[in-house]
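Since the structure comes first, as structure tokens, the remarks are kept for the end.
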2 protein chains.
Amino acid sequence: MCKSTDPKRALFAELAAVARALGHEHRVELLEHLAQGERSVEALARLTGLSMANASQHLQQLRRAGLLEARRDGKFVLYRLADDGVVQLMSVLRQTAERNVASVGALLARYFDGRDGLEPVGRADLVDRAQAGLVTVIDVRPREEFDLGHVPGAVSVPLEELDARLAEFDPATEIVAYCRGAYCLLAVEAVARLRARGFSARRMEDGMPEWRAAGLPVAAG
Amino acid sequence: MCKSTDPKRALFAELAAVARALGHEHRVELLEHLAQGERSVEALARLTGLSMANASQHLQQLRRAGLLEARRDGKFVLYRLADDGVVQLMSVLRQTAERNVASVGALLARYFDGRDGLEPVGRADLVDRAQAGLVTVIDVRPREEFDLGHVPGAVSVPLEELDARLAEFDPATEIVAYCRGAYCLLAVEAVARLRARGFSARRMEDGMPEWRAAGLPVAAG
DNA sequence: ACATCATTCAAGCGATAACTTGAACGTATA
DNA sequence: TATACGTTCAAGTTATCGCTTGAATGATGT
């Protein structure tokens, strides 16, 4: 066997500590929000419905595990992912759960295949087709998140504004919607509404975090 | 925001449950062993030094999380990874820890860079060079693990036997050693010893689990 | 049928994690 | 300087986890 068993044990303990940081519902949700860009404790507490003290504690736990970093800006403390690899870790976690946990597969099938129906668009495809003007790309996240970074050429159409802004879209041009991630429901909802109005709409396969992690260009402001 | 917050919460809870299954030192160690192939509870308890009841409980926890499957063979219950994707998950976990946790980086630097020194060999490289007879590939894991599957053309040389079998090797041919995984110490130790005897030796970048997960050919028996 | 062995179940104890509350700390604004 | 606000700290309660012990289950061999 391995001669020195100590360093291996130490390594296992460290890996388990990182995994344990991902082992709570609220922390997964916090990471999902932070995958969009850095956020203040107050914003995260509001988005998740946690108390500030509670959110702060979870964030510190994630920071201790090396998954987050924090910086101070005025009276706010802004947290952000320590590394784009964290997105990859969460992505692999989702894939594993989707394959091996029946309830997750069922959950996703019910809320995606059922409501979406059509095959989503791949990332590589999208860049070419957007530049050629063949598709209209809309970002249905809140404008705040759009401003922090979005797909080049995308138009910000928060889901709340969608119904009121239908006149902007050319019914002859296909619309591709994206939001936060593979399993965010914003784009699904947007596609469903657009189709109900007679538009040709599809959902982008992944969301902004995966886009960013893939090293594709990001526009800001 | 997302209209239906319930399914998202449920998804987060499921993901957290999977992560929590990885959140214990002993379970990470069990998975590391199971990445070699299926094992009985008794074998795992012996390998890890856990009591049988304790090992059984951890294994059941991993199974409930969807990471393991079990089958009965005579009086033994054999556990195995539910999916090769589990190896990927653990691999990404290690990469994340290595990048973002200082102590892991230090741990690995101390035990790999310090003792190994030379750049490890990539998998793609190895297949070609082994077939061309340019390198001798040795599997330094216990023979039991070798029998369950190994790199085609590799010779089983458990670390315990290495010193006694040095005469088998041609000093003019480079030796590549591999073991269980990127961070298993068996191959590192083997390379150190071979170099001390004047051989040209290198370590394969990954181990058997990664090899298997990459879909490369595996020889058995 | 009986004994044997591998595994699992169930109960109990100690340790750790999650959440709430209230106070302390730091920074900006009046 | 004083006040307000975002954030963190500290203490306390409840719930859950990890491990041990001893008994129950399931398959095998005599």
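The structure displayed is predicted, hence computed values, not measured ones. In what follows, chains are A, B, ... by sequence order, proteins preceding strands, each numbered from 1.
- Between the CD atom of A/Q60 and the P atom of D/dG6 there is a distance of 17 Å, given to the nearest Å.
- The side chain of B/Q61 sits closest to D/dG18 out of D/dT8, D/dA27, D/dG18.
- The nearest whole Å value for the distance from the OH atom in B/Y79 to the P atom in C/dA6 is 16 Å.
- A salt bridge links A/E145 to A/R39: one of the charged nitrogens lies within less than 4.0 Å of a carboxylate oxygen.
- Note on B/R193 versus B/E189: salt bridge recorded, some NZ/NE/NH1/NH2 to OD/OE distance being below 4.0 Å.
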Apply side chain to side chain contact (heavy atoms under 4.5 Å, CB included) to residues B/R212 and B/Q36 and explain how you reach the verdict.
CA-CA 9 Å; B/R212 208 185 284 271; B/Q36 309 303 322; 5.9 Å; no

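- Between A/E161 and A/R143, at least one side-chain nitrogen of the basic residue sits less than 4.0 Å from a carboxylate oxygen of the acidic one, meeting the salt-bridge criterion.
- Between the CG atom of B/L62 and the C1' atom of C/dT8 there is a distance of 16 Å, given to the nearest Å.
- As judged by a 4.0 angstrom heavy-atom cut-off over every strand, B/E25 is placed among residues making no nucleic acid contact.
- Atom pair B/D73:CG and D/dG26:P shows a separation of 18 Å (rounding to whole Å applied).
- Between A/H24 and A/H58, the ring planes are tilted. Angles from 30° to 60° get that label.
- Contact check, B/S56 against C/dT7: no side-chain N or O comes under 4.0 Å of OP1 or OP2.
- Side-chain nitrogen and oxygen atoms of A/R27 include at least one within less than 4.0 Å of the OP1 or OP2 phosphate oxygen of C/dA18.
- Counting only residues at least two apart or on different chains, no ring pair (Phe, Tyr, Trp, His ring centres under 6.0 Å) pair has a member in residues 65-108 of chain B.
- Regarding A/F12, its CZ atom lies at a distance of 17 Å from the P atom of D/dG18, rounded to whole Å.
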Enumerate the protein-to-nucleotides 19-21 of chain D contacts in which both atoms are nitrogen or oxygen and the separation is below 3.5 Å.
| from | atom 1 | to | atom 2 | distance (Å) |
| --- | --- | --- | --- | --- |
| D/dC19 | OP1 | B/H26 | ND1 | 3.3 |
| D/dC19 | OP2 | B/N54 | OD1 | 3.3 |
| D/dC19 | OP2 | B/H58 | NE2 | 2.5 |
| D/dC19 | O5' | B/N54 | ND2 | 3.4 |
| D/dT20 | O4 | B/Q57 | NE2 | 3.3 |

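- In this structure B/N100 satisfies the side-chain contact (heavy atoms from CB on, under 4.5 Å) test together with A/A82, A/D83, A/V86, B/T96, sequence neighbours excluded.
- Rounded to whole Å, atom C1' of D/dT25 lies 17 Å from atom CZ of B/F76.
- Residue A/E42 contributes atom CD, which lies 6 Å from atom P of D/dG6 at whole-angstrom precision.
- Distance CD (B/E38) to P (C/dA6): 17 Å, rounded to an integer number of Å.
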